[in-house]
Amino acid sequence: MNKLYNIRMRSSNNEQHISGAERIVSYERINRTVSEMIERSFHHTRGQPDFTSVKIEEIKEPIKMIEPITEEIEVENSFHNTLETLKTVLKPLTLSDELVTRMYETVNSKENLSGAILIDLHTGKRLDNKVNGIRVSRFDWSLKAHEWFIENNPKAYSERQLDAFALASKVQASNVAVELCCSDDPNYTTGYLAFNNMYIRIPNMKKMNTFNGGRVFVIDSTKYCVEETIDFLENQSVLLEGEFM
Ligand code: COA
């Protein structure tokens with residue numbers, strides 16, 4: 001395989017985060033990708049950045065190929081009954097009500113950590129020791145898988161959804177049992193649950209015009225090593241490919 005590069009962009013204003021994105025591309029696509037990211041950074045609903053960072057890193061370790069989550073389901077809910085909806089959807093995993101409540105409260109928090117917190121499936125105890133949580137990084141669609149997915153999925157996918165899908169696919173390829181996510185964007189209320197390789201959209205995870213948000217990963221720490229899982233999520237380069245190609 002030709003050399004591949006991980007490009008990471010983040011922008012902020014007065015040190016408040018505005019946007020972030022990342023891609024894994026060949027040398028030939030670096031220019032175009034960087035210019036698309038800069039466009040994205042300067043045209044964000046959160047406002048104009050006064051700082052933008054773009055990093056380009058050659059990937060030296062072997063890249064792991066994974067399959068994207070294929071099954072996508074959308075439930076109906078109102079923000080009044082989100083917790084009940086989560087409990088219903090998560091029934092097959094037989095998690096305790098306390099754990100599901102803890103997950104819900106974590107992603108509906110005003111704390112707005114930039115990363116995800118990792119909690120234990122049995123005790124609900126936080127397992128990572130990172131002030132801002134775990135930031136999943138070094139993942140992307142392969143060019144072919146990206147084209148295939150858009151062509152073969154009848155719904156129009158936004159870049160935001162495709163990024164969320166890729167991130168959730170990397171998380172599902174790790175030892176994490178369940179992921180719950182709620183965007184802190186005040187105009188975007190749709191969150192998702194991912195487990196058993198399914199991606200379940202929750203249209204009203206939170207009330208419109210609220211800045212609450214967060215991401216939580218649940219792991220069975222009696223079965224899996226927490227440090228290895230965090231290292232995989234943060235540092236292992238992953239490309240979404242698939243049998244379908
Ligand atoms: N929210 C708030 N602050 C963020 C942030 C986010 N999503 N991402 C980065 N930052 C800020 C933090 O201050 C961070 O410092 P910290 O690690 O002490 O918390 C600092 O930027 C440096 O972060 P780092 O991850 O080292 O920057 P990077 O330039 O290497 O990568 C991203 C930036 C955004 C690409 C990467 O952090 C990331 O989150 N990638 C994966 C997911 C993604 O693409 N998210 C955006 C769409 S969902």
How about S26 and N2: does a side-chain donor come under 3.5 Å of a side-chain acceptor? no

For S221, check side chain to side chain contact (heavy atoms under 4.5 Å, CB included) against everything at least two apart and list the hits. D120, L127, V226

Exam field: side chain T229 to backbone N175, donor-acceptor pair closer than 3.5 Å: no

Measuring from Y192:OH to I202:CD1, what's the distance to the nearest 0.5 Å? 11.5 Å

Is the backbone of L162 close enough, under 3.5 Å, to the side chain of W141 for a donor and an acceptor to pair up by distance? yes

CG (N132) and CG (L113) are apart, to the nearest 0.5 Å, by 6.5 Å

Does anything in residues 7-60 pair up under ring pair (Phe, Tyr, Trp, His ring centres under 6.0 Å), and if so which pairs, sequence neighbours excluded? none

Indicate if V107 and I117 have the same hydrophobic cluster label, given that clusters are the connected sets of ILVMFWY residues with side-chain heavy-atom separations under 4.5 angstrom. yes

For N197, what residues pass the side chain to side chain donor-acceptor pair (under 3.5 Å) criterion, not counting sequence neighbours? none

Qualifying residues under ring pair (Phe, Tyr, Trp, His ring centres under 6.0 Å), relative to F165, sequence neighbours excluded: F149, Y199

Rounded to the nearest 0.5 Å, what separation is found between the SG atom of C182 and the CG atom of N204? 10.5 Å

Main chain of S142, side chain of E241: is a donor-acceptor contact present, judged purely on distance under 3.5 Å? no

When clusters are formed by joining ILVMFWY residues with side-chain heavy atoms under 4.5 Å apart, either directly or through shared neighbours, do I7 and I63 land in the same one? no

Residues two or more places apart in sequence or in another chain: which of them pass side chain to side chain contact (heavy atoms under 4.5 Å, CB included) with Y104? T82, L83, L86, N108

Could I get the full list of side chain to side chain donor-acceptor pair (under 3.5 Å) partners for S137, not counting sequence neighbours? E22

Has the side chain of K170 got a donor or acceptor atom that lies under 3.5 Å from a matching backbone atom of F232? yes

Does any part of the side chain of L4, heavy atoms only, come nearer than 4.5 Å to the side chain of V25, both counted from C-beta? no

Under the rule for side chain to side chain donor-acceptor pair (under 3.5 Å), what residues qualify as partners of S109, not counting sequence neighbours? none

Looking only at atom types and distance, does a side-chain atom of D140 sit under 3.5 Å from a main-chain N or O of R23, one as donor and one as acceptor? no

Is the backbone N or O of H146 less than 3.5 Å from a side-chain atom of E151, with the two atoms forming a donor-acceptor pair by type? no

State yes or no: do V176 and I134 share one hydrophobic cluster built from I, L, V, M, F, W and Y residues joined by side-chain heavy-atom distances below 4.5 Å, directly or via other members? yes

Treating Ile, Leu, Val, Met, Phe, Trp and Tyr as nodes and any side-chain heavy-atom pair under 4.5 angstrom as an edge, say whether V238 and Y224 lie in one connected cluster. yes

Only pairs at least two apart or in different chains count here, so list each salt bridge (Lys or Arg N to Asp or Glu O under 4.0 Å) that has a residue in residues 216-236. K130-E234

If you look only at pairs with a residue in residues 32-57, which of them pass as a salt bridge (Lys or Arg N to Asp or Glu O under 4.0 Å), with sequence neighbours excluded? R8-E57, R32-E36, R40-E159, R40-D163, R46-D184, E57-R138

Hphob cluster co-occupancy, L239 + I56, side-chain heavy atoms under 4.5 angstrom: no

Show me, pair by pair, the donor-acceptor contacts under 3.5 angstrom made by side chains of residues 94-101, not counting sequence neighbours?
unit_1	atom_1	unit_2	atom_2	d
S96	OG	L99	N	3.1
T101	OG1	D97	O	2.7

I59 backbone acceptor or donor facing K3 side chain under 3.5 Å: no

Suppose we screen for side chain to side chain contact (heavy atoms under 4.5 Å, CB included). Which residues come up paired with S41, at least two apart in sequence or across chains? M9, S11, S19, P49, T52

Side chain to side chain contact (heavy atoms under 4.5 Å, CB included) filter on A116, not counting sequence neighbours, yields R215, F217

Pairwise side-chain contact, L90 with L93, heavy-atom cut-off 4.5 Å (strictly under): yes

